[in-house]
Every structure is written in structure tokens, then in C-alpha cells.
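Note sheet for the following structure.
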Amino acid sequence: MKWNRIISVVAALCLSFTLWAEETHDAPSDEVNVGEILFGHIGDSYGWHITEWNGKHVTIPLPCIVRSSTGWHFFMSSEIEHGHEYEGLFLAEEGRYEDKIVERGPDGGYIRPFDISITKNVASLMFTAVLLVSLVLLTTRWYRKHDATEEAPKGFAGLMEMMVMMVNDDLIKPSMGEKDCRKYAPYLLTAFFFIFLSNLLGIVPFFPGGANVTGNIAVTLVLALCTFLAVNLFGNRHYWKEILWPDVPMFLKFPIPIMQIIELFGMISKPFSLMVRLFANIMAGHAMILGLVSVIFVTAKLGPVISGSMTVITMLFGVFMDCLELLVAFIQAYVFTMLSAIFIGLSRQEEHA
Amino acid sequence: MNLMLPDSGLIFWMTIIFAIVFFILAKFGFPIITGMVDRRTKRIDDAIAAARQAEESLAGLAKEQERLLEEAKAEQKRILQEAAAQRDSMIAKAQEEARQAAGRIMDEARTRIREEKEAALKDIRKEVAVLSVTIAEKVIRKELSTDTGQMEHIDKMIDDAAGLSS
């Protein structure tokens, strides 16, 4: 009984929303471009677009920091919105640098300047970083105030402790020894919580969440690079011997270093897989949810019955996808941490006796 | 779309942000949490070990107590047995002594009785002798009061003496 009522209320809401959407989208120029919405969200942008209200875009302007041929430029992203030009810099409309800050080259083509603007993703990264640091420091504050040997934390500190110890004891410790665990746990825990929090904030559909941070290849590239460095900078003799002079018949490693090339390929493909896995999973999740939401607007033109029923179906799928994304948010952070731990553990393995 | 092309600005910021976050959390965050939990785990382990030890020592104590009780019981039994033996021997000794004392007393009494008896017999004999002498005196006096009697008596005595000498 109770569920029936909830479903009918949701359906009615969807229907009324659809009618409203139909009203606002009656102009022919308002053709819904799903691809634009999708890639506009999944990609990065200079301003943080929050919503559209009465036909006006509500966007938080973010600072742009660009070093072009004319030197450093600092300005807000609102200066270059809607095709405006600022000190010779503007957003490219097409081509390779679409929606990126460019300047006009002498031959009329676009030249991409050195650009370290605080984009939407950077702002979201900063927000995630601040949130993560405050959450963890809040937890450690409990430990400073209490004698942890006498009592266990409750509430939020207890939750954080549970998660930290879950990652530490069930993920990192089995992958490497007790000794290495102490050394690498801070990095792996940071990676786990950073990815997990970013993923979760990515699912939150409104400001300050909703940015596609871990679904951006630059972010996952840096994370994978950290693991790559951790593996290769602290790999022991055995690890390097396995790469440079493995125990295989001589003709496989000399004079043509077949095995070395294969090992080198494996060395690079491991962090590469980490990078692509996280990026692709989160990006695809965002694309799926956005696509489902877009269906509501695409079908808005097809009359109230179709769009209403489609809205209900889409909503149900959306709820399912959001639940799935919650799961994926955790699983991807888990997998990244676990594989990193395993790769590091392998590089620290001693030779079999 | 350039989704697969990492943006240099984002890489730059991500590196800086992640490095800062890692630095802060690796220095002030996670090691404190894991360290504290490890300490607590160690403390709990210690407490469990101590409890086990206490339990063991308690079990040992119970065993010791049992042993002591057993010993005490054995001791008690031994003491009781000893006491019983001593008592028995004492009684036996006392009885023996009593018997001996009684025997001595009886002997003494018997000796006394015999002595008394003998003394009494002696007295009686004396009395009888005196009496018989008196009687004899009286008889003789009476017989000798006459001449015939005197003569007869002398005769008789001479007979006796003759009889004795013959």
C-alpha cells in the first residue's frame, strides 16, 4: 500500500515536471542536444555551471591563469563567456581545442597557451581535498582528545576508523608485508579516500558535487603515476632483476632483449590499466546517468503520455543507476587501492628461497 | 572529443593538490589513526593474554588448593590414626598399669591377709595354749587335789615318759 502511494506520487511529480519542461521548451531553437549536455558535463569547463534559471545560466566564475605569448593573464572565466575575448584570449569554438582558452596565431589558427586555470574540475579537486583533509583531521582530533587504548571512537570517528582499518587490514596488509604496510599505507589510504570521496561527490548532482573529477583522465593519470613511482622508485633488487635479467633461456634475453621489452611493457601497462579503469568506469557512470536524465527532456516533445511514462521509467532507471554508481564509487576506489598495493607488494617481494 | 587527452593544467593542479593532501594526511592523518588502533589492538591482545594467564594461574591455584586440601586431609587422617593408636596404646598401658596395680594391691592384700591370718592363728594358738594350760592347770589342780589322783597322774606321766623313751 505504502509503496503504491510513493510510486504514484513520484509518477505525478514526473508528469507535472514533464509538462512544465514541455512548456519551457516550446521554442524550436531549444532542441535538446544530448551530446552537448553529456560532453559538457563530462569534460571540463572554465566556469562552474550550476543551473539554468529563467533562461539565464547560473554559473560560478572561476579564475583563469594563462601564460600566453603576451605574458601572464589572470581573469575570471566570466570575461570570456559567450564568445567574448579578453586580452586576445578566447574560447575556441571548434577543432582540437574546442572550449579551451586559445589565442590567435599568426597564421590565423588557434594556439593553445600554457593554461593552469582553476577550472571546474580543479575547483572540485580543491573542494574534495579540503573536505578530505578536514574529515581525516577531525577524526584524528578525537584520538588526540581521548585515550584510544581505553575506548573506541563512536559516531563519525568510529566510521572513519572502521573504514581506515578495513582498507589498512584487509586490503593493504595482505598485499604486502607488515613492514611495507606501515611504509605505504599512508599513500594507499590517501589514494583510496581521495578517489572514494571524489567518486561520491561526483554522484551528488548539484553544487559543490557533480563534477566529473575521477572520470577525467588527467586526474587518474596523476594517481596512476603516483603508483608507478611508488612501484619503481622503491622496487628492490629482485624486482629489477626480474625485469632486466629474468630467469629465462639466454636466447630470450640476449642478444635481442625480448623479455626485457615484454617486462617493460608490463611495467607501463600496469599503471596504465589503473588509469584507464578508474577513468572509464566513472566517466561511463556519469554518462549513463546523464543520458537517462536527458531522456526526460528528449521525450518531452512527444506528448504527455509518452513523456510521462518515459519519465517514470527513466526515473526508476536513474535510481538504479545512482545506486549502482554508489557501489562503483566504492568498488573503483577499492580496486585502485588493492591493485596499487599488489603492484607495490610485488616490487618489494624478496627472492624465493 | 578530447576525453582521452589529459589536460596539462588539470595534471598540474592535481599533482599539487594530491601532493599536499598526501603530505598532510601522511603526516597528521592516517598514521595516527592506524597507530592508535594498533596500540589499542596490542592492548586488547595483552589484556586477553593477561586474562588467560590469570585464568591459568587461577586453575593452578585451584589445583594447588586441591592438593593442599588433599594433603590436609591425609594429615588429618594420619593424625587421627595416630591419635587413635596413641589412645589405644594409652588405654592399653593404663589398663596394664591398672592391672598391675590391682595385682600388686591384691598381692599385698593377700599377704596382709595371710599375715593377719597367721598372726591371728598365732594369737589363737597362744590363747589356746594358754587356755589349754589353764584348763590343764585347772584339771591337774583338781586331780591333784587328791592323793590318788596325784599318784595316778604321776603314773601316767611316767607311762608317757616311758612311752616316749621306748
Side-chain angles (χ1 to χ4, degrees), chain A residues 39 42-44 65-66 96-98 100 112 114-119 121-122 125-126 128-130 132-133 136-137 139-140 143-144 148-152 157 160-161 164-165 168-169 181-182 185-187 189-191 193-194 213 215-223 225-226 275-276 279 283, chain B residues 1-70:
Chain A
F39 287 115
I42 287 169
D44 207 351
I65 306 164
V66 179
R96 207 180 138 202
Y97 301 130
E98 192 184 343
K100 299 276 180 206
R112 181 100 167 93
F114 179 64
D115 180 5
I116 48 167
S117 304
I118 310 292
T119 59
N121 277 346
V122 176
L125 271 176
M126 285 173 172
T128 311
V130 170
L132 177 60
V133 167
V136 174
L137 292 189
T139 312
T140 55
Y143 290 94
R144 286 186 215 286
T149 56
E150 291 295 335
E151 52 181 328
M160 284 297 284
E161 185 194 294
V164 169
M165 293 325 285
N168 191 57
D169 291 351
C181 173
R182 199 157 298 145
Y187 163 63
L189 282 166
T190 307
F193 281 97
F194 196 88
V213 172
N216 189 298
I217 200 153
V219 173
T220 59
L221 173 78
V222 173
L223 288 169
L225 205 66
C226 288
M275 171 179 84
V276 173
F279 153 72
M283 200 265 293
Chain B
M1 277 312 288
N2 43 16
L3 272 181
M4 288 300 286
L5 284 177
D7 187 64
S8 56
L10 195 50
I11 291 179
F12 172 80
W13 283 111
M14 174 62 188
T15 312
I16 289 177
I17 291 167
F18 191 73
I20 292 170
V21 169
F22 170 61
F23 179 75
I24 294 173
L25 293 189
K27 202 152 177 70
F28 309 108
F30 296 123
I32 291 171
I33 298 176
T34 51
M36 284 292 191
V37 173
D38 282 348
R39 267 175 59 190
R40 190 194 307 142
T41 313
K42 196 177 166 296
R43 196 188 139 90
I44 291 169
D45 286 349
D46 286 352
I48 289 172
R52 190 174 294 134
Q53 210 171 11
E55 206 174 314
E56 267 169 24
S57 68
L58 210 66
L61 219 64
K63 210 178 255 173
E64 178 75 16
Q65 208 174 15
E66 212 166 291
R67 197 182 62 78
L68 278 176
L69 206 68
E70 207 71 18

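We name chains A, B, ... by the order of the sequence lines, and we start the count at 1 in each one.
Side-chain atoms of T34(B) and D169(A), non-hydrogen and from C-beta on, never get closer than 4.5 Å to each other. Counting heavy atoms from C-beta outward, L137(A) and I24(B) have side chains that approach closer than 4.5 Å. When side chains are defined from C-beta on, M36(B) does not count as touching R144(A), because their heavy atoms never get closer than 4.5 Å. In this structure the side chain of M14(B) never reaches within 4.5 angstrom of the side chain of V122(A), judged on heavy atoms. I116(A) places a side-chain heavy atom less than 4.5 Å from the side chain of W13(B). Looking only at side-chain heavy atoms (C-beta outward), D44(A) and L10(B) come within less than 4.5 Å of each other. Side-chain contact check for I33(B) versus T139(A): some heavy-atom pair is nearer than 4.5 Å.
Note that CG of L125(A) is 4.5 Å distant from CD1 of I17(B), once rounded to the nearest 0.5 Å.
Closest approach of F30(B) and P186(A) over heavy atoms only: CD1-O, 4.1 Å. Scanning both residues, A218(A) and I11(B), for their nearest heavy atoms gives CB-CG1, 3.6 Å. Shortest non-hydrogen contact noted between V136(A) and G29(B) is CG1-CA, 3.6 Å.
Note on V21(B), I44(B), D38(B), T41(B): by heavy-atom pairs under 4.5 Å with chain A, the leading option is V21(B). The residue among T220(A), V276(A), V133(A), D115(A) with the most heavy atom pairs within less than 4.5 Å of chain B is V133(A). Note on V130(A), L225(A), T119(A), L223(A): by heavy-atom pairs under 4.5 Å with chain B, the leading option is L223(A).
Residue-environment remark: CZ (R182(A)) stays at or below the threshold of 12 foreign heavy atoms within 6.0 Å. For CD of Q65(B), the number of neighbouring non-hydrogen atoms (other residues, nucleotides, ligands) closer than 6.0 Å is 12 at most.
Using a 4.5 Å cut-off between heavy atoms, M165(A) contacts chain B through its side chain alone, with no backbone atom that close. Contact annotation for M160(A): neither backbone nor side-chain heavy atoms come within less than 4.5 Å of a heavy atom of chain B. When heavy atoms are compared at a cutoff of 4.5 Å, V164(A) approaches chain B solely by way of its side chain, counted from C-beta outward. With a threshold of 4.5 angstrom between heavy atoms, A185(A) does not approach chain B through any atom at all. Heavy-atom distances place both the backbone and the side chain of A152(A) under 4.5 Å from chain B.
Between F114(A) and F12(B), the angle of the ring planes goes over 60°, which puts this pair in the perpendicular group of the 30/60° scheme.
The pair E150(A)-R43(B) meets the salt-bridge criterion, since a charged nitrogen lies less than 4.0 angstrom from a carboxylate oxygen.
The ring of F194(A) has its center no closer than 6.0 angstrom to the ring center of F22(B).
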Worksheet item: Can Y143(A) and V37(B) be said to form a side-chain contact (heavy atoms from CB on, under 4.5 Å), step by step?
Response: CA-CA 10 Å; Y143(A) 290 94; V37(B) 173; 4.1 Å; yes
